[in-house]
Number of protein chains: 2
Amino acid sequence: MVTNCANCPLRKIDVFKDLDRDELAYMQRFKHGELKIDSQSTVLMEGSNSPQLFTALKGMGLRYKTLEDGRRQVVNFVLPGDFIGLQAGVMGEMKHSVEATTPMVLCVFDRSELWSLFKTQPERAFDLTWAAAIEEHFLGEALATLGQMDAIERMSWGLIRFFMRCESLGLVDGDRCPFPYRQQDLADTLGLSLVHTNKTLMKLRQRQLLSLEAGILTLHDPEALKELAALEIEPVVQRPLI
Amino acid sequence: MVTNCANCPLRKIDVFKDLDRDELAYMQRFKHGELKIDSQSTVLMEGSNSPQLFTALKGMGLRYKTLEDGRRQVVNFVLPGDFIGLQAGVMGEMKHSVEATTPMVLCVFDRSELWSLFKTQPERAFDLTWAAAIEEHFLGEALATLGQMDAIERMSWGLIRFFMRCESLGLVDGDRCPFPYRQQDLADTLGLSLVHTNKTLMKLRQRQLLSLEAGILTLHDPEALKELAALEIEPVVQRPLI
DNA sequence: CGGAACATTGATAGAGCTCAAGGAACGTGG
DNA sequence: CCACGTTCCTTGAGCTCTATCAATGTTCCG
């Protein structure tokens, strides 16, 4: 059974801007169905020319790029509310892959209708551009992190950022949030080796700043972590849902 | 004297898509003037809420982020045809700074008209989104480079990428292109120390792969460099001019 | 000529990588 | 119910790459 946009659970979350009746009707038409996928399966492949675009409804995943020799860089985590496939939509092909880490539910849109969206729904088109600009902003921050920070700083940055995103989605319980990723994923996100990722995590645990076990991330001292991250961490802002 | 959009020298370059008469007229109205700035001066500051947006017409610059303790990450080079200020346009404030490395000439647009562009010029709105997606793609590639590659690989990647961008703009003469940046800028781009940047550059020189002196970058063996870069380097594609 | 900005080079130290091994948790099949 | 394989996490040892420190060279300009 397909979720109706009007009842979309994400709309109830504060961080998403409300749509007016008209926009809602349009999105409902734009929406072509729902896709449920298992954990570990691939949503979109780098280089693919997918006819479909998605918005994550439930579950978590990863965006990543693969180098020719197999090295992998995780570009971002995928959380509910994230739009997937913008690159394929405007550039014709995906520049990274997207895979599900947990089971996921995705809203499916038809790429061919993207152009009609631009013509008839300028607000929604603006929102799309906004989403792209936000992603660009995030990637710039990630770039600064990998380029300038050491392992402890990177990990503090990465985990706080993730935690705050969860917070904005109502996934946080006290000082805890879900974290379904492996240490290898974290390593590929932060540009560290698996071994060093593990040792760095240990240091943060021993300093009583956080714990990470059984898929749960707990921040015992967020302030100290923000201090370590050396980058001003801005609150997650209200954003359009696509 | 202000360049007329119809005579814009950039329009003659193959890499930019042609505008039709209507679009051209709109862009001409959108354009509010030209700004000439000296080398070393700042175009936009991180955090600034600029009422103006720009397109680079001539000259080269840098986009960069500054960390609280002064470390700096160059996010990208700015070349003619690049749009500057999209983030301020859609998000309200710049997330990185832009500074001129050489003297520059910029087209000036009024940010307040951006919304009218979305409403009345869906093609141009689409182009803007396209530009944002391209930048996102580039940043993803840069992230993979800093996260996964060593110094030699990073430098090969960075310099080939830059060379190819110059090539698409007709700035290449044989195997040479202008490179007005300091080694410190390159270091801050690649996430390396100045000293190591210098030594890595020396290695590439000694292997006869390139030279870099007096503001001129020469690629003696582009194929070998591409080999080193370990990332598939795609040709620069035709793109909209904004 | 003196100073400033940038490039270059050598020496040393340390952060992070690789290799290697072992442990814990879990599912599967006999 | 136990043996076994698989996946992931953990830990130690040694080595490499890159950072830092320090000094010198070069060019340009006032």
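A note on names: the letters A, B, ... follow the listed sequences, proteins ahead of strands, and every chain is numbered from 1.
With salt bridges taken as basic N to acidic carboxylate O contacts below 4.0 Å, none links B:R71 and B:E68.
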Report, as a single string ordered 5' to 3', how protein heavy atoms within less than 4.0 Å touch nucleotides 11-18 of chain C: B base, S sugar-phosphate only, - not at all.
B----BSB

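Separating the CG atom of A:L217 from the C1' atom of D:dC9 is a distance of 16 Å, rounded to the nearest angstrom. B:L190 places its CG atom 10 Å from the P atom of D:dA19, with the value rounded to the nearest Å. Atom P of nucleotide D:dC17 and atom CD of B:E153 are separated by 11 Å, given to the nearest angstrom. For B:Q148 and D:dT18, the CD to P distance is 13 Å, given to the nearest whole Å. Protein atom CD of B:Q183 is 13 Å distant from nucleotide atom C1' of D:dT26, rounded to whole Å. The CD atom of A:E213 sits 15 Å away from the C1' atom of D:dC8 (whole-angstrom rounding). Note: CD (A:Q206) to P (D:dT10) measures 11 Å, nearest angstrom.
Crowding of A:M91 atom CE: a count of heavy atoms from other residues, nucleotides or ligands under 6.0 Å exceeding 12. For B:R205, the CZ atom is densely surrounded, since the number of other residues' heavy atoms within 6.0 Å is greater than 12.
For the pair A:L186/A:L190, a side-chain contact is recorded, criterion being any heavy-atom separation below 4.5 Å from C-beta on.
Put simply, B:Q184 has no side-chain N or O that comes within less than 4.0 Å of OP1 or OP2 on C:dA7. In terms of phosphate contacts, B:R205 brings a side-chain nitrogen or oxygen within less than 4.0 Å of OP1 or OP2 of C:dT8. Between B:N198 and the phosphate of C:dA7, there is no side-chain N or O to OP1/OP2 separation shorter than 4.0 Å.
Taking the centre of each ring, B:F179 and B:F162 come in below the 6.0 Å mark.
Toward the 5′ end of DNA chain C lies the nearest nucleotide of B:Q40, the other residue of the pair B:M202 and B:Q40 mapping further downstream.
At least one donor-acceptor pair closer than 3.5 Å links the side chain of B:D82 to the backbone N or O of B:L79.
Defined by atom type and a distance below 3.5 Å, a donor-acceptor pair is present between the side-chain atoms of B:N49 and B:R111.
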